[in-house]
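Residue numbers start from 1 in every chain, and the chains themselves are labelled A, B, ... in the order their sequence lines are given, proteins ahead of strands.
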Amino acid sequence: MHNVDVLGRVKREIASQLAPQLGVQVERLIAVMEYPPRDQIGDLAIPLPALGVKGQVSLTLNSSYVRSYSQDGPFLNVKLREDAIFREIFSSIGEDYGLDKVERPMRIVVEHTSANPIHPLHIGHLRNAIIGDALVRLTRARGHAVTARFYVNDSGRQVAILIYGLSKLGYPDPPAGEKKDQWAGVIYAMTNIILEIRAISEELKGTTEEEYREKVTKRDELVALAAEIRSRNPPFFDRIAEGIKNEEDPEAKIAEIIRKYEEGDPETRKIVRKYVDMVLDGFRESLGKLRTEFDHFDYESDLLWSGEVRSILRNALSSQARIEYKGTQALDLNRYMDEETRRELRIPEGLEIPPLVLMRADGTTLYTLRDIAYTIRKFVSPKADLVINVIAEQQTVPQIQLRAALYILGYPDLARNLIHYSYSMVTLQGMKMSGRLGRYISLDEVYERVRQAVLEKMKEKGDGEGVDKIVNGAIRYAILSVSADKPITFNIGRVTNFEENSGPYLQYTYVRAYNILSKYGGRIDVNGVSYEDLVNEKRKLLFIIAKFPETFRNAADNLEPELLTSYLRQLSDVFNVWYDKERVIQEPDEGKRMTRLNLVKGVETVLRNGLKVLGIDSLTKM
RNA sequence: GGACCCGUAGCUCAGCCAGGACAGAGCGUAGGCCUUCGGAGCCUAUGGUCCCGGGUUCGAAUCCCGGCGGGUCCGCCA
């Protein structure tokens with residue numbers, strides 16, 4: 001109803017006239033159409049050689065949208081009638097302008113963030129959460145039925161280490177006022193680092209001289225880190241260290257925790273869930289500040305207790321691809337797939353897929369096997385057509401193993417419809433973060449630092465509201481304006497720079513547009529507008545507004561939120577240039593005033609909708 | 001050693017997948033604009049062997065091949 005893609009209609013009309021004359025399909029012609037690099041050239045261009053047409057051709061084009069057309073070398077350039085476009089857009093523009101719905105909605109699952117529940121979220125998870133949430137919002141706005149799911153890895157070695165450390169402390173509760181995930185993170189890092197030092201010291205006993213030197217260096221590094229982490233809570237550290245020192249075989253104890261939890265031992269269940277849920281509370285609190293919410297938190301352990309993992313394991317053990325590998329049962333993922341299948345499953349040609357180990361020698365399960373069960377659940381309950389996993393680049397191979405295993409175990413459709421949305425690392429001034437070693441900048445810390453910068457800025461402005469909305473906008477934009485597969489060195493200075501090319505810049509531009517409209521307060525329609533006013537930035541603005549439906553569709557269908565960020569920035573740039581030059585409300589000529597009011601309304605609508613699908617709030621003052 | 005990702009202005013990045021016209025922003029640096037709808041803004045200047053070498057094409061930052069540089073992975077961790 002209100003979803004008017006005027007430009008799309010214009011393209012189709014032009015294409016349907018020209019296609020027969022050029023002897024090509026209408027769709028093909030629409031596909032090659034592009035926007036000329038400079039306005040003087042025209043509004044639309046068709047590169048004729050791309051359609052197999054060479055040399056000068058004579059074509060007839062007769063449309064109420066077209067002002068003129070001419071061939072310039074290989075291009076057919078078309079100048080459109082801005083009055084016709086303007087009238088069509090603004091006589092039907094609605095609140096939801098541009099957010100075109102798909103004809104056939106899919107059921108989509110986006111799994112994202114899924115951090116281990118053992119330490120607070122850090123800036124690596126921040127990237128994951130923001131990308132994931134933007135994908136949720138984009139696909140939802142496109143009309144799909146989207147579910148956001150968080151996978152709680154509560155049954156692996158990491159959680160067991162945390163619980164082991166807590167056992168040495170007598171299972172304490174975090175002090176009131178302390179954030180629970182921060183508190184647990186310190187205990188986890190302490191326990192882990194003490195265990196690592198102990199392990200490496202053991203290894204030192206029977207090694208050659210060369211290895212010895214290397215390992216001593218590594219141990220010394222760990223000892224230095226241990227001193228650092230000890231300072232966070234010396235009594236805790238000393239008690240854990242003492243407890244581990246007196247332990248005959250800590251690894252056996254950890255293995256026992258894993259085993260008991262997998263078996264569903266009531267006491268172990270109670271303890272593990274208590275602490276895991278504490279950390280998850282911390283996650284929810286942190287993510288809430290960034291307007292990120294989930295529909296489901298799926299506990300890995302539930303898949304074990306329900307028998308879903310066991311059933312997959314049985315299936316795998318009876319598979320023809322089963323092999324023995326280093327004394328374990330594993331799946332051979334190379335032998336039973338042809339080239340064609342590998343291509344379909346997006347597995348690189350030259351990759352020798354490592355065998356998938358199905359379980360540890362002691363019978364406990366491993367992550368990837370459990371993930372097979374989880375993937376099936378994501379597809380089955382509730383039913384999904386497409387599953388998008390937002391997971392770090394480091395897990396590319398395990399994700400390939402997952403798809404290959406699904407195929408081999410008889411779920412080829414699931415394997416095909418499982419997308420690994422990969423993103424690259426976030427480093428910290430060249431330093432790699434490590435939750436394992438307690439070396440990270442937490443999401444909360446980042447949030448707080450950006451918040452301070454926003455408050456600082458507001459102080460100099462005197463007036464303002466919505467601090468948290470601005471912080472959210474700044475952080476989201478900083479992440480979403482960089483393609484996911486580029487590594488980022490996290491730089492707080494960049495995120496707290498609120499000048500052009502930032503989230504707050506877009507929000508500020510929105511405030512300007514909004515305030516013009518709210519001050520005007522009257523009726524805005526297309527009666528009596530003067531079309532001769534549509535020149536320079538105003539004409540440019542009109543065409544940018546016209547491109548919004550197309551940009552949104554591309555961003556949503558290709559899962560590329562960055563298309564939207566750069567589009568909104570460009571819209572803002574043009575609007576701000578114009579804003580400085582001319583008046584809207586104070587324009588004495590009634591026709592011109594109405595033309596401009598329509599454009600402002602267009603900018604306001606597009607910014608609001610565009611920001612919304614990126615998860616950035618629009619403000620009315622700041 | 002193998003696989004994947006990245007390499008565009010002093011710095012941070014769009015553009016590459018679906019090839020098209022003199023390659024776009026921001027930061028920085030130098031200078032300018034507050035009597036008018038909000039200066040988180042606007043204007044001017046500055047700045048590029050699009051990592052290198054071949055190939056395909058009417059046309060290559062974009063596709064292909066070969067290098068170079070950086071990142072990631074190759075665990076009975078996740």
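- Note on A:Ser566: every side-chain N or O is 4.0 Å or more away from OP1 and OP2 of B:G24.
- No salt bridge links A:Arg569 with A:Glu500; every basic N to acidic carboxylate O contact stays at or beyond 4.0 Å.
- When the C1' atom is compared between B:C33 and B:U72, the two are found 49 Å apart, to the nearest whole Å.
- B:G24 and B:G15 have their C1' atoms separated by 7 Å, with the value rounded to a whole Å.
- Taking the side chain of A:Met622 as heavy atoms from C-beta on, and the options B:C4, B:G38, B:A21, the nearest nucleotide is B:G38.
- Residue A:Ile161 holds its CD1 atom at 5.0 Å from CD1 of A:Ile254, rounded to the nearest 0.5 Å.
- Among the atoms of the strands shown, base atoms are found under 4.0 Å from some heavy atom of A:Glu582.
- Whole-Å rounding puts the A:Lys326 NZ to B:C77 P distance at 11 Å.
- Distance CD (A:Gln399) to C1' (B:C74): 16 Å, rounded to an integer number of Å.
- Rounded to a whole angstrom, the distance from the P atom of B:A45 to that of B:C65 is 43 Å.
- Here A:Asn116 contributes atom CG and A:His125 contributes atom NE2; the two are 7.0 Å apart, rounded to the nearest 0.5 Å.
- Put simply, CZ on A:Arg342 is 10 Å from P on B:C4, counting in whole angstrom units.
- Within the 4.0 angstrom heavy-atom criterion, no nucleotide atom of any strand lies near A:Ser422.
- Between B:G20 and B:A60, the two P atoms lie 11 Å apart (nearest whole Å).
- Remark: B:C4 base-pairs with B:G71; criterion is Watson-Crick or G-U wobble with both hydrogen-bond distances under 3.5 Å.
- At the phosphate of B:U12, neither OP1 nor OP2 sits under 4.0 Å from any side-chain N or O atom of A:Lys486.
- The existence of a salt bridge linking A:Lys79 and A:Asp43 is excluded, since no basic side-chain nitrogen approaches an acidic carboxylate oxygen closer than 4.0 Å.
- One finds no side-chain N or O of A:Thr365 lying less than 4.0 angstrom from the OP1 or OP2 phosphate oxygen of B:C76.
- When Watson-Crick and G-U wobble pairs are counted only if both distances are under 3.5 Å, B:G53 pairs with B:C65.
- For A:Asp371, the salt bridge (Lys or Arg N to Asp or Glu O under 4.0 Å) criterion is met by no residue, not counting sequence neighbours.
- Across the P atoms, B:C68 and B:U29 are found 39 Å apart, a figure rounded to whole Å.
- Across all strands shown, B:C16 forms no Watson-Crick or G-U wobble pair with both distances under 3.5 Å.
- Atom CG in A:Leu619 sits about 13 Å away from atom C1' in B:G38, given to the nearest Å.
- As rounded to the nearest Å, B:G41 and B:A3 have P atoms that lie 47 Å from one another.
- Whole-Å rounding puts the A:Ile323 CD1 to B:C76 P distance at 12 Å.
- Across all strands shown, B:C11 is found opposite B:G26 as a Watson-Crick or G-U wobble partner, with both distances under 3.5 Å.
- Remark: the separation of the C1' atoms in B:C4 and B:G10 is 31 Å, to the nearest Å.
- Taking the syn range as angles within 90° of 0, the glycosidic angle of B:C34 is syn.
- Only the P atoms considered, B:A14 is 31 Å distant from B:U56, to the nearest whole Å.
- Annotation: the span from A:Asn558 atom CG to A:Leu563 atom CG amounts to 7.0 Å, rounded to 0.5 Å.
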Item checked: Derivation and outcome, side-chain hydrogen bond (donor to acceptor under 3.5 Å, both in side chains), residues A:Glu393 and A:Ser422 -> CA-CA 5 Å; A:Glu393 173 196 22; A:Ser422 162; 5.9 Å; no
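- Within the 4.0 Å cut-off from OP1 or OP2 of B:A78, at least one side-chain nitrogen or oxygen of A:Arg360 is found.
- A:Pro49 comes within 4.0 angstrom of a nucleotide base, judged by non-hydrogen atoms across all strands.
- The side chain of A:Arg583 approaches B:C37 more closely than any other nucleotide in the set B:G38, B:C37, B:A14.
- Taking each heavy atom of A:Arg593 and A:Val584 in turn, the nearest pair found is CG-O, 3.1 Å.
- Summarising the geometry, the separation between NZ on A:Lys621 and P on B:G39 is reported as 16 Å, rounded to the nearest angstrom.
- Using a 4.0 Å cut-off, no side-chain N or O of A:Arg157 falls inside it from OP1 or OP2 of B:C76.
- Rounded to the nearest 0.5 angstrom, A:Arg346 CZ and A:Gln399 CD are separated by 10.5 Å.
- Among the atoms of the strands shown, base atoms are found under 4.0 Å from some heavy atom of A:Val584.
- The partner of B:G31, taking Watson-Crick or G-U wobble pairs whose two distances both stay under 3.5 Å, is B:C43.
- A:Asn497 contributes no side-chain N or O that forms a donor-acceptor pair with the base of B:A40 under 3.5 Å.
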Note to self: Protein within reach of the bases, or only the backbone? For nucleotides 41-46 of chain B, mark each nucleotide 5' to 3' as B, S or -, using heavy atoms under 4.0 Å.
What the structure shows: BSS---
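- Salt bridge A:Lys581/A:Glu537: present, at least one basic N to carboxylate O contact under 4.0 Å.
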